[in-house]
Amino acid sequence: MIRLGVNIDHVATVRQARRALEPDPVAAAVLAILGGADGITVHLREDRRHIQDRDVRLLRQVVTTLLNLELSVADEIVGIACEVKPDQATLVPERREELTTEGGLDVVTHQAAVAKAMEQLQAAGIAVALFIDPDLRQIEVAKILGAKAIEIQTASYSEAKTLTTRQQQLNTLQEATDYARQHGLHVHMGHGLNYENVREVAQIPGVEEFNIGHSIVSRAVLVGMERAVREMKDAIREARA
Ligand code: PXP
């Protein structure tokens with residue numbers, strides 16, 4: 001069984017577009033869990049563009065399955081994580097101008113900063129995963145650093161433009177998974193996975209967790225649209241009755 005962590009950042013993106021109270025990602029988390037999510041994933045960014053501190057604190061109380069907090073190595077955010085104590089912290093790279101996380105965290109180049117953040121998180125009793133590219137050197141360093149798990153970034157696979165490249169990327173994901181498992185690391189995957197491209201990666205033996213956000217939130221907006229409009233029509237009609 002592969003766990004599904006549902007990333008609800010973009011529920012908060014819609015809320016922040018209006019600086020309003022709805023939609024509340026905490027409510028979305030409850031519904032996602034009712035729908036079978038094995039865990040809830042959120043990224044508390046330094047720029048707070050979607051998830052807010054309040055969300056993480058409330059989610060900690062509400063999510064009794066697995067709360068996975070994505071975060072950069074920034075001291076401020078690591079401090080919040082240590083206080084809130086998610087079940088799992090996934091360290092990711094962060095750049096202010098990016099639309100979403102671009103590429104994995106380069107744990108080879110940033111070894112010292114990653115080690116420092118990991119030490120603080122682990123001292124707080126939080127399991128640490130490192131979001132890295134499917135690169136053997138990155139995997140080796142993740143092991144040396146003492147990570148429990150790696151989340152292999154699947155963007156290069158999900159964004160492949162041709163069948164040949166997609167197959168090559170799939171092979172790379174498979175090799176990286178095998179290599180990480182040989183090193184005793186748990187393997188998670190995520191980024192750009194959708195209802196179609198998830199099928200092939202779900203067949204890779206040894207993968208234990210997927211973190212999927214954009215495609216699920218996108219589909220939720222569409223499958224919920226008919227009902228939402230019908231309910232507004234009813235509200236208007238009832239007011240005139
Ligand atoms: N995993 C990580 C580490 C991420 O940064 C993201 C995006 O926030 C995801 C998974 C989910 O990616 P997507 O929204 O493309 O499904």
Side-chain angles (χ1 to χ4, degrees), residues 2-14 16 25 28-29 32 37-52 55-56 59 66-74 77 81 86-107 110 114 117-118 121 126-135 138-139 142 147-160 169 173 176-177 180 185-202 207-221:
I2 304 179
R3 290 189 299 275
L4 172 62
V6 176
N7 180 315
I8 52 172
D9 288 350
H10 293 320
V11 175
T13 302
V14 175
Q16 295 311 110
D38 300 295
I40 296 296
T41 295
V42 287
H43 183 177
L44 183 66
R45 292 182 60 99
E46 290 167 62
D47 62 12
R48 307 298 201 278
R49 73 166 68 148
H50 39 54
I51 293 294
Q52 305 296 307
D55 302 329
V56 182
L59 286 167
L66 189 142
L67 180 62
N68 175 34
L69 180 66
E70 293 176 6
L71 74 165
S72 71
V73 295
I77 310 286
D87 303 289
Q88 180 172 284
T90 302
L91 288 172
V92 301
E94 211 175 285
R95 277 187 285 132
R96 277 176 192 270
E97 64 279 15
E98 69 194 359
L99 282 180
T100 179
T101 313
E102 289 166 1
L105 180 63
D106 183 349
V107 296
H110 304 293
V114 174
M118 284 179 74
L121 293 164
I126 305 164
V128 180
L130 299 176
F131 180 63
I132 56 175
D133 290 343
D135 176 279
Q138 297 287 335
I139 294 169
K148 181 163 184 252
I150 56 166
E151 179 172 329
I152 302 177
Q153 71 90 357
T154 48
S156 314
Y157 160 76
S158 61
E159 289 163 14
Q169 293 299 333
L173 292 176
T177 303
L185 291 160
H186 294 279
V187 176
H188 310 160
M189 282 188 189
H191 219 283
L193 296 178
N194 60 33
Y195 292 79
E196 183 270 321
N197 66 23
V198 75
R199 293 171 191 274
E200 278 174 303
V201 279
V207 180
E208 292 177 63
E209 181 180 304
F210 285 141
N211 285 299
I212 307 182
H214 188 260
S215 65
I216 295 177
V217 174
S218 302
R219 182 164 296 212
V221 170

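These values consider heavy atoms only, across backbone and side chains, with no hydrogens, waters or symmetry-generated copies. Both ligands and their constituent atoms are indexed starting at 1 by order of listing. Residues take their numbers from the sequence shown, with the count starting at 1.
Between the side chains of Gln88 and Glu209, at least one donor-acceptor pair of N or O atoms lies under 3.5 Å. Side-chain contact check for Glu94 and His43: at least one donor-acceptor pair (N or O, by modelled atom type) lies under 3.5 Å. Using modelled atom types, one finds no donor on one side chain facing an acceptor on the other under 3.5 Å when comparing Asp133 with Gln138. Side-chain N/O atoms of His186 and Glu208 include a donor and acceptor closer than 3.5 Å. Ser158 and Asn197 form no side-chain donor-acceptor contact under 3.5 Å, judged by distance and modelled atom types alone. With no hydrogens or angles considered, no side-chain donor-acceptor pair links Asn68 and Glu70 at under 3.5 Å.
Those atoms of ligand 1 that come under 4.0 Å of a heavy atom in Asn211, given as number and element, are 10 (C), 11 (C). Residue Val92 approaches ligand 1 through these ligand atoms, each under 4.0 Å from one of its heavy atoms: 3 (C). With ligand atoms numbered from 1 in the order given, ligand 1 contributes 8 (O) to contacts under 4.0 Å with heavy atoms of Asn7. Heavy-atom contacts of Asp9 reach the following atoms of ligand 1: 8 (O) (cutoff under 4.0 Å).
Contacts with ligand 1 closer than 4.0 Å are made by no heavy atom of Thr41, backbone or side chain. Residue His10 does not touch ligand 1, judged by heavy-atom distances below 4.0 Å.
The number of heavy atoms from other shown groups lying within 6.0 Å of NE2 (His214) does not exceed 12.
Taking any N or O of Leu193, backbone or side chain, none lies under 3.5 Å from an N or O belonging to ligand 1. Looking at ligand 1, you'll find an N or O of Gly192 within less than 3.5 Å of one of its N or O atoms.
Of the candidates His214, Glu70, His50, Glu70 brings a heavy atom nearest to atom 6 (C) of ligand 1. Scanning Glu151, His191, Met189 for the heavy atom closest to atom 1 (N) of ligand 1 points to Glu151.
Ligand 1 lies nowhere less than 4.0 angstrom from a heavy atom belonging to His43. In this structure, Ile212 has a heavy atom closer than 4.0 Å to ligand 1.
Between Val92 and Leu71, every side-chain heavy-atom pair lies at or beyond the 4.5 Å cut-off.
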